[in-house]
Amino acid sequence: MTQHDRLLIIDFGSQVTQLIARRLRELNVYCEIHPYQNVTDAFLADFAPKAVVFSGGPDSVTRAGSPRPPASVYDIGVPILGICYGQQVMMQDLGGKVEAGESHTAEFGRAWVTPGAARIDLLNGWFMDGSGREQVWMSHGDHVSEIAPGFEVYGTSPGAPFAITADLSRRFFAVQFHPEVHHTPNGKTLYENFIRLAGFKGDWTMGAYRDEAIARIRDQVGDAHVICGLSGGVDSSVTAILLHEAIGDQLTCVFVDHGLLRLHEAEEVVTMFRDHYNIKLIHADESDLFLNELDGISDPETKRKTIGRLFIDVFQKHADTIEGAAFLAQGTLYPDVIESVSFSGGPSVTIKSHHNVGGLPEKMGLKLVEPLRELFKDEVRALGHELGLPASFIGRHPFPGPGLAIRCPGEITREKLDILRKADAIYIDQIRKHGLYDEIWQAFVAILPVRTVGVMGDGRTYDYACALRAVTSVDGMTADYYPFSHDFLGETATRIINEVKGINRVTYDITSKPPGTIEWE
Ligand code: XMP
């Protein structure tokens, strides 16, 4: 367990629990999210948090059997911040009252809080803009109707007379709104005040993490050998460089080129890791194998499954040539390991079979090294920066494991892939030239399985149509199309048609997610 001051977030199932952790990490506080069921007295004693946050949640505290923290959490002498459902839990547990939702007290969306009579440190920096109120984001049906003994009110909103309450002697704070979301513009200040009064040193930085992670890797691996699958994406790149700093030549990376990469991508990855970082790298050029197997397949799920199966076989084949390998490194991130109430439970359908190598370690008899397990994506980027990874690598748009296969609806041919690569390179070049790359979460071209008639010069053309895609997003779960100017779109379409033989029509995809997905397949 980390040596840093720790904050515990008890998760009651809110959709935005992860945002609490992100806000706190941005403030250099180490925190972990744990579902309420796992937070027992013994867990609390072992975790020894310096402060606790109760998340929101969808249940009603008025329902018998609804989620609760262990009673001992109120006795360990650390500050607690309860949010929404977390506030209601705290009030009910400590002797106040909560009433089930009635339409006139429910609040969803934007609301304004006005201050109570006294000021408290938790609200330093609040109510300062002259309007005398703060915008907050509410999402509650139930409401607190009587606060617990020892608490006072420090802020109210039209639907929540107890919007901000606190028992200063015990350092218990409870708010009805969600300070972690974007729509509570001053929410970060509230968290900052909370951790300051809880005495956090703010010592969670990527500089410190880098040294600790290196020490831990050395400790775990000893003098054994480690294999790391490299895709060229940020997560696997940072994993590889961190491992290389820790264990040098005991690391071998395997880069599987499935023939579905972007223009010059394979060379860039190989040059960067082999020549620049001097990391032992197997460049497995298996494009013939993948493209031959994919020949004639047009069903998206069959494509994905074929690629996934081959990838594992190929990776294993090359990894087997590395003598003395005992560990497999993976760039697993914290969001993948959070056992959050909101992410488990509930039926979900498979929209796409994601490309992953989950079963590999057992199959190969290898142990896992996952040095990024505690980090969010933005922290991985900061760590990459600490490790000297070029900014152009750190800021790269995500690229899916199945690569261009899922940007080529219908049958995949080498001809179509070549056309797609050229068009994609021009599109990205345009985006960079216009200074838009970092504003966009992901941008790419999809080549469509349709030919259209055009006229160039005096001749008729009968070539492929393509679609440009560009979206904004925070996590890839939801996304909106990017509002390019018409000038940009026109200029880009002209360049693609003039410079890429084989495309005579360019369209722009303006579908958000949902209902669309980011990739076409
Ligand atoms: P969709 O298309 O589902 O994509 O909206 C969401 C994000 O995930 C990426 N993506 C993948 N990434 N393996 C990956 O590593 C995959 O199989 C895969 N499929 C989609 C996609 O590029 C987007 O960023």
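None of these values were measured; they are calculated from a predicted model. Start at 1 and go down the list; that is how both ligands and their atoms are numbered.
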**OP:** Return yes when Trp441 approaches ligand 1 closer than 4.0 angstrom through a heavy atom, no otherwise.
**Re:** yes
Subject >> Per atom 12 (N) of ligand 1, closest listed option by heavy atom (Gly476, Ser231, Pro400, Pro398) >> reply: Pro400
Original post:
Can you list the atoms of ligand 1 that are under 4.0 Å from a heavy atom of Thr517?
Top reply: 1 (P), 2 (O), 5 (O)
**OP:** Go through ligand 1 atom by atom and flag the ones less than 4.0 Å from a non-hydrogen atom of Lys513.
**Re:** 1 (P), 3 (O), 5 (O), 6 (C)
Subject >> Heteroatom distance test (Arg407, ligand 1): nitrogen or oxygen, under 3.5 angstrom >> reply: no
Subject >> Axial cation check for Tyr191 ring with Arg23, 6.0 Å and 45° limits >> reply: no
Original post:
Hey, does the side chain of Arg6 reach the backbone of Tyr30 with a donor-acceptor pair shorter than 3.5 angstrom?
Top reply: no
Original post:
Do the numbers put Arg274 on top of the ring of Phe255, so that NZ or CZ is under 6.0 Å from the six-membered ring centre and no more than 45° off the axis?
Top reply: no
**OP:** Determine, considering heavy atoms only, which of Met477, Gln442, Arg469 sits nearest to atom 23 (C) of ligand 1.
**Re:** Gln442
**OP:** Report, in ascending order of atom number, the atoms of ligand 1 lying under 4.0 Å from any heavy atom of Pro402.
**Re:** 13 (N), 16 (C), 17 (O)
Original post:
Does any pair with a residue in residues 227-236 pass side chain to side chain donor-acceptor pair (under 3.5 Å), and if so which ones, sequence neighbours excluded?
Top reply: Ser231-Ser236, Asp235-Lys377
**OP:** State, yes or no, whether a side-chain contact exists between Met272 and Pro390 at a heavy-atom distance under 4.5 Å.
**Re:** yes
**OP:** Check Asp295, Val314, Thr306 against Phe290 for a side chain to side chain contact (heavy atoms under 4.5 Å, CB included) and give me the one that passes.
**Re:** Val314
Original post:
Would Arg304 count as a contact of ligand 1 if the rule is a heavy atom under 4.0 Å away?
Top reply: yes
